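A short worksheet on the structure shown next.
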Amino acid sequence: MSRPSGTRTGSGKPDGVITRGTTGINRLRRSDRWLMHRAAVADTLHAAADPLVVDLGYGARPHTTFELASRLRTVRPDIRVVGLEIDPARVVEARDGVSFARGGFELAGLNPVLIRAFNVLRQYPEDAVAGAWAKLQSGLAPGGLLIDGTCDELGRRCAWVLLDADRPLSLTLAWDPFDIERPSDIAERLPKALIHRNVPGEPVYELLQSADRAWATAAPNAPFGPRVRWRAAAQLLRQQGLPVEVPRRRLRDCVLTVPWSLVAPAL
């Protein structure tokens, strides 16, 4: 079985616990599309001497790992992708330029320039997030990035945090335009760092409430479809002074990206 080079922690055991392993073809397409067109991600991949990407906790089948590799190769064709799973039964043979190995938060001793950890921390307690982030951040190559996210079983509702080696940078919410009635419906898929913070007095709650109000105000655009309505709602949020990112391209998804400082949990 093909294994990437690298050493593990002193105990020789992966750091973490086995998760449910739920997976599905094209489940992470929304976050993949975002990564493909994210300038910071492209700059990081292009600048890397070794463009190594780790897909941590890919689940029972590695469909999404192969999809990630295929999509990121449009950014840098020579990237190396390694899928890591704690459960040895899930480690499969290498193919299509993608390798697999047993590993957890210690990253099997690898130092990737990009880590994707989707639907991993959702199965941990909230107080485990900071330690898990710190462990993963410490394993990044210089200038590396980490994406920690959550999505539903079909990938229609997604949310993720982008981090560098020092801190969280942004929160992104992305959803199928035809799958929700209002933006706050995405709350059930907030990352573990925020999902228990969707209560009055917390910044992420206030963001979702503001998005709902803007969505309601943009109702006259409804006949033109939910994408047009969401673009109008996002523009209203920006007019209100919220630092909502302006997409650089027309999107098939509804996407809301804001700086982490806007939604960081209250003390």
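The structure displayed is predicted, hence computed values, not measured ones.
- Take Arg231 and apply the salt bridge (Lys or Arg N to Asp or Glu O under 4.0 Å) test, not counting sequence neighbours, and it matches no residue.
- Of all non-hydrogen atoms in Val92 and Tyr58, the two that sit nearest each other are N-OH, 4.1 Å.
- Residues Val204 and Leu190 meet the side-chain proximity criterion, which asks for heavy atoms closer than 4.5 Å.
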Apply side chain to side chain contact (heavy atoms under 4.5 Å, CB included) to Asp148 and Leu136, showing your working.
CA-CA 10 Å; Asp148 165 31; Leu136 293 171; over 6 Å; no
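- Shortest non-hydrogen contact noted between Pro259 and Pro243 is CD-O, 3.2 Å.
- A salt bridge between Glu67 and Arg27 is absent, with no side-chain N of the basic residue lying under 4.0 Å from a carboxylate O of the acidic one.
- Other residues, nucleotides and ligands contribute more than 12 heavy atoms inside 6.0 Å of the CD atom of Gln239.
- When side chains are defined from C-beta on, Asp253 does not count as touching Trp34, because their heavy atoms never get closer than 4.5 Å.
- The 12-atom threshold is not exceeded at CZ of Arg252, counting heavy atoms of other residues, nucleotides or ligands nearer than 6.0 Å.
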Leu145 and Val41: side chain to side chain contact (heavy atoms under 4.5 Å, CB included), yes or no, with the steps?
CA-CA 8 Å; Leu145 297 169; Val41 174; 4.1 Å; yes
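- Leu207 is listed as a side-chain neighbour of Leu256, based on a closest heavy-atom distance under 4.5 Å.
- Checked by atom type and distance alone, the side chain of Arg122 never pairs as donor or acceptor with a backbone atom of Asn119 at under 3.5 Å.
- Proximity of Ile180 to Ile186: side-chain heavy atoms (C-beta onward) are nowhere separated by under 4.5 Å.
- Scanning both residues, Ile79 and Arg73, for their nearest heavy atoms gives CG1-CG, 3.8 Å.
- Checking side-chain atoms of Arg102 against main-chain N and O of Ile86 turns up a donor-acceptor pair under 3.5 Å.
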So Leu107 and Val82, side chain to side chain contact (heavy atoms under 4.5 Å, CB included) or not? Walk me through it.
CA-CA 10 Å; Leu107 300 174; Val82 177; over 6 Å; no
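- Phe105 approaches Leu56 most closely through the heavy-atom pair CD2-CD2, 3.9 Å.
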All N/O donor-acceptor pairs, side-chain side in residues 260-267, below 3.5 Å, sequence neighbours left out:
none

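- Between the CG atom in Leu72 and the CZ atom in Arg76 there is a gap of 12.0 Å [rounded to 0.5 Å].
- Once rounded to the nearest 0.5 Å, the distance linking OG of Ser138 with CD of Glu106 reads 10.5 Å.
- Residues Leu171 and Tyr205 fall into different hydrophobic clusters, defined by Ile, Leu, Val, Met, Phe, Trp and Tyr side chains chained together at heavy-atom separations under 4.5 Å.
- The closest side-chain heavy-atom distance from Leu121 to Pro191 is not below 4.5 Å.
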Side chain to side chain contact (heavy atoms under 4.5 Å, CB included), that's the test. Do Arg29 and Arg156 meet it? Break it down for me.
CA-CA 9 Å; Arg29 60 197 179 278; Arg156 292 174 178 170; 4.2 Å; yes
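- A distance-only check finds no donor-acceptor pair linking the side chain of Lys192 to the backbone of Val129 [under 3.5 Å].
- In this structure, CH2 in Trp160 is found 7.5 Å from CG in Leu35, a value given to the nearest 0.5 Å.
- Ring geometry, Phe100 versus Phe66: the interplanar angle exceeds 60°, so the pair is classed perpendicular (tilted spans 30 to 60°).
- Between Val75 and Leu45, the shortest heavy-atom distance links the atoms CG1-CD1, 4.0 Å.
- We find the CE-OG1 distance between Met36 and Thr74 to be 3.5 Å, quoted to the nearest 0.5 Å.
- Residues satisfying the side-chain hydrogen bond (donor to acceptor under 3.5 Å, both in side chains) test with Asp43, not counting sequence neighbours, are none.
- Counting heavy atoms from C-beta outward, Leu140 and Ile115 have side chains that approach closer than 4.5 Å.
- Contacts classified as salt bridge (charged side-chain N to carboxylate O under 4.0 Å, His left out) and involving residues 206-224 (residues at least two apart or in different chains) are not found.
- Using a 4.5 Å heavy-atom threshold, the side chains of Val113 and Leu52 count as separate.
- Hydrophobic clustering (ILVMFWY, side-chain heavy atoms < 4.5 Å, transitive): Val255 and Leu236 are in distinct clusters.
- In terms of heavy-atom proximity, Arg229 sits nearest to Ala216 at NH2-CA, 3.9 Å.
- Contact annotation: the side chain of Leu68 never approaches that of Leu28 to less than 4.5 Å [non-hydrogen atoms, C-beta and beyond].
- Taking CZ of Arg38 as the reference point, atom CG of Leu114 lies at 12.5 Å (rounded to 0.5 Å).
- Within the structure, salt bridge (charged side-chain N to carboxylate O under 4.0 Å, His left out) pairs that include any residue of residues 46-57 comprise Asp50-Arg80, Asp55-Arg116 (at least two apart or interchain).
- Between the side chain of Trp175 and the backbone N or O of Pro183 there is no donor-acceptor pair closer than 3.5 Å.
- In this structure, the side chain of Arg71 does not engage the main chain of Asp32 through any donor-acceptor pair within 3.5 Å.
- Summarising the geometry, atom OG1 belonging to Thr257 is positioned 12.0 Å from atom CG belonging to Leu169; distances are rounded to the nearest 0.5 Å.
- For Asp176, the salt bridge (Lys or Arg N to Asp or Glu O under 4.0 Å) criterion is met by Arg30, not counting sequence neighbours.
- Taking 4.0 Å as the cut-off between side-chain N and carboxylate O, Glu153 and Arg189 count as a salt-bridged pair.
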